[in-house]
Structure formats: C-alpha cells, structure tokens
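Only one structure is covered here, and it is reproduced in the block below.
All values reported here derive from a predicted model rather than from experimental measurement. Ligands are counted one by one from 1 in listed order, and the atoms in each one are counted from 1 as well. Atom set for the values below is all heavy atoms of this structure, side chains included, hydrogens, waters and symmetry mates excluded.
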Amino acid sequence: MSIISKDIQKAIALLSNEELVAIPTETVYGLAGNIFSEKAIKSIFETKKRPFFNPLIVHLSSVDELETIVSEVPEKARILANAFWPGSLTLVLKKQKNIPNIITAGKDTVAVRVPNHPVTLELLRKLPFPLAAPSANPFNQISPTKPEHVERYFKNELKLVLDGGSCKNGIESTIIGFENGEPIIYRLGALALEDIEAVVGKVAVKNKKEENPDAPGMLDKHYSPSTFTVLTSDITSEIKKYPTKKIGVLAYNSSFTSDEIFTEIILSKTSNLHEAASKLYDSLHELDHLNLDIIIAEKLPEIGLGKSMNDRLQRAAFNN
Ligand code: TXA
Ligand code: MG
C-alpha cells in the first residue's frame, strides 16, 4: 500500500506522537519532526543516515513566530524575511536558549524559514510546535521533488508522505547568515542572488566549505545520483570521450540527440531558468533509474537560478 496521502489529520497525529512525516514545500520535500522531541529529531538523523554535525532547518507558519526561535534579528534579516517569507529563503540567526542543541549541531545559531506551500502552512498552523525538516533523501543523495521520490527512498521507514504534488521551485532554499549585521550567502538556492541583492544590496557568497566552515552542510560531494556524472559546457565533445558507454544527457535548452547517446532530457526548451530548476532533480532521478554508465550534464548560464543549479550539478559530479 502506498504511504502517499493527503490526510493532514494523520500527519498531525503522527507528528504529535513524535513520529516523522515527509512534507511538501515549494523547494523540495522535507523529512519533518517536532523540534522539541528528541526522539523525533534523532530519528530524522537516523533515517537519513545524516551525521550529527549537520544542523537542521526549523520551519515556521509565519514570520510572527520568529522571535520564539531566535534571540536577535539584524535589520537586514528583518527586511529579507518581510520581502521573501513565506518563501525559499532560510535565515541563520542567533538561537533562543530553548532550541535543542541537536537541531543546531551545538552551534549558537539556528536556521529558520517559512515555507511557501499551502498544505504545509496549514499543517504548521495546526501544530503547537515548529517542524525541523531536512530534505527527505538519504544523506548525499538527490533531493526529492515529488512524493514518489520520497516513497522510493523511505517506504520501509515512513508511515506518511503528505501529498502536495510536485515542488514548484524544485531546488533547496537559499541560506543566508550574518556577520556584523551583513548578509552572507551560505548556500545558493531557489531564491536567485540577484533578487536578494535587489532588496539588501551587494551580498557576499561563501558557498564553499573552505570559505565558510560555519556552514557544515556544504560538502564537495552532495546531491548525487548513484550513476557516474560529469558536468560540461561542451556536451558534443564530452559524448565523444565515451564511445562504448550507455550515455544519458541532461541538456539545458537544446537537443544533442545522436546515435551515441541512449537518452536525453532537455530542462527548458524556452531557456527559462525557473522551469529548468523545477525539473532538475526530477530529471536526475529519472536518469539515475535507467542503468546508464554515465550522465553528462550541461552547465547552465551563470546567472540567476543558473548559478544555483550549477552549484548542485558541480557537487553531483564531484568525484574523488
Ligand atoms: O529548501 C530547503 O531548505 C529544504 C526544505 C525541506 O525546507 N531543506 C533543506 O534542508 O534543504 P537540509 O537539511 O537538506 O539542508 C540544510 C542546510 C545544511 O547545509 C545545513 O548545514 C545548513 O542548512 N544549516 C542548518 N543550520 C545551520 C546553521 N545554524 N548554520 C549554518 N548552516 C546551517
Ligand atoms: Mg539536503
């Protein structure tokens, strides 16, 4: 029997009983539990096989709850929250004392956002506690953007994937921390850098592990298909390097169909970066289930969401 259902009452019952539920958001599906239940939070880490040094994002139903979670809100954080919540922006701020250390990996900051999905907003409004939710995938694997992706990963571990359809943004939230009141991007994501800068001015990006040891989730290899993956600006030459291999191509806007490739997916025939982002992970899931020898992904233009997608594809293609 499928664990995918729209039964919000069942989600409330499970979460209130310290169990986990996969929830839809506009970015990716999350693996959610009560932030104040040690049992639920431990079970998130165990289910994902996620190391405890990697902290979780707290999800709220409205910006009004922010002060119950964080102890300081710099002016630019306030401006960003008002501009983009509910939405695909996560803020890392000084935590309140009552936020359990297991959520924050012992740090004195906590990551928080108000997701923009009607089902999860309704769920959060009905629950008397916020939800911690990392992406609902095993550690380092491709994030889920459809309920079926979560079911495939966790059908033996979970009782419910709350069905909210396909995630319309399809890539994780943009994470912003603060140094001396100034915003710094820790993770590029579904909210484009340009949109953030339009509201608070120039923002530094410390998206790499070595640039920012404070963002422990930024691993070189992450978001990875199990199929060997390469990222290139020149698909045609890359294909020629693998004459005997079963190749899947993930292209941006144009077709490379030739006898040398087994299959191809085009992310956006109209060169729309939002459409491409919404299809990125679903396409990787699809290619990863075709028993290919290699996935050859095309680098996206380095603007807007193209930057965020290139970040994910670089990590997907990181081989050491
Ligand atoms: O779109 C999203 O953000 C999704 C949906 C479900 O909301 N969630 C998500 O969670 O992507 P997760 O756990 O896969 O990624 C959370 C990232 C990790 O890289 C983690 O290191 C970082 O947030 N993070 C959490 N708390 C932090 C903190 N206090 N300081 C710095 N980074 C933090
Ligand atoms: Mg994740």
Subject >> Of the listed options Gly106, Pro55, Ala22, Gly177, closest to atom 26 (N) of ligand 1 (non-hydrogen atoms) >> reply: Pro55

**OP:** Identify, by atom number and element, the atoms of ligand 1 in contact range of Ile57, meaning under 4.0 Å from any of its heavy atoms.
**Re:** 3 (O), 8 (N), 9 (C), 10 (O), 16 (C)

Subject >> Residue part near ligand 1, for Ile175, under 4.0 Å between non-hydrogen atoms >> reply: side chain

Original post:
Which atom pair, heavy atoms only, marks the closest approach of Leu273 to Pro301?
Top reply: CD2-CD, 4.2 Å

Subject >> Whether Asn137 has an N, O or S atom under 2.8 Å from the Mg ion (ligand 2) >> reply: no

Original post:
If you take all heavy atoms of Ile44 and Gly33, which pair is closest and at what distance?
Top reply: CD1-N, 3.8 Å

Subject >> Closest to atom 30 (N) of ligand 1 (judged by heavy-atom distance), picking from Lys95, Lys107, Lys48 >> reply: Lys107

Subject >> Arg113 N/O to ligand 1 N/O under 3.5 Å >> reply: yes

**OP:** Could you tell me which atoms of ligand 1, counted from 1 in the order shown, lie closer than 4.0 angstrom to a heavy atom of Ser173?
**Re:** 1 (O), 2 (C), 3 (O)

Subject >> Distance-only donor-acceptor check, side chains Asn272 and Thr270, under 3.5 Å >> reply: no

Subject >> Distance flag, aromatic centroids of Tyr153 and His285, threshold under 6.0 Å >> reply: yes

Subject >> Pick from Glu172, His59, His117, Lys94: the one approaching atom 7 (O) of ligand 1 most closely through a non-hydrogen atom >> reply: His59

Subject >> Heteroatom proximity flag, Thr27 to ligand 1, N/O under 3.5 Å >> reply: yes

Subject >> Residue Thr109 vicinity, atoms of ligand 1 by number, heavy atom under 4.0 Å >> reply: 28 (C), 29 (N), 30 (N)

Original post:
Which residue, Leu124, Ile35, Ile69, forms the side chain to side chain contact (heavy atoms under 4.5 Å, CB included) with Leu60?
Top reply: Ile69

Original post:
Which of these, Asn54, Val58, Val112, Leu131, has its nearest heavy atom closest to atom 20 (C) of ligand 1?
Top reply: Asn54

Subject >> Numbered atoms and elements of ligand 1 in range of Ala133, under 4.0 angstrom, heavy atoms >> reply: 6 (C), 8 (N), 10 (O)

Original post:
Can an N or O of Arg187 be found at a distance shorter than 3.5 Å from an N or O of ligand 1?
Top reply: yes

Subject >> Smallest separation among heavy atoms of Ile247 and Ile239, with atom names >> reply: CD1-O, 3.9 Å

Original post:
Contact between Pro115 and ligand 1, counting heavy atoms under 4.0 Å?
Top reply: no

Subject >> Modelled atom types, side-chain donor and acceptor of Glu19 and Asn17, under 3.5 Å >> reply: yes

Original post:
Between Phe36 and Asn34, what is the shortest heavy-atom contact and its length?
Top reply: N-OD1, 2.7 Å

**OP:** Report, in ascending order of atom number, the atoms of ligand 1 lying under 4.0 Å from any heavy atom of Ser135.
**Re:** 8 (N), 9 (C), 10 (O), 12 (P), 14 (O)

Subject >> Shortest non-hydrogen separation from Ser61 to Val114 and the atoms involved >> reply: O-CG1, 3.7 Å

Original post:
Is Arg50 near ligand 1, meaning one of its heavy atoms is under 4.0 Å from it?
Top reply: yes

Subject >> Arg312 side chain to Ser143 side chain, donor-acceptor N/O pair below 3.5 angstrom >> reply: no

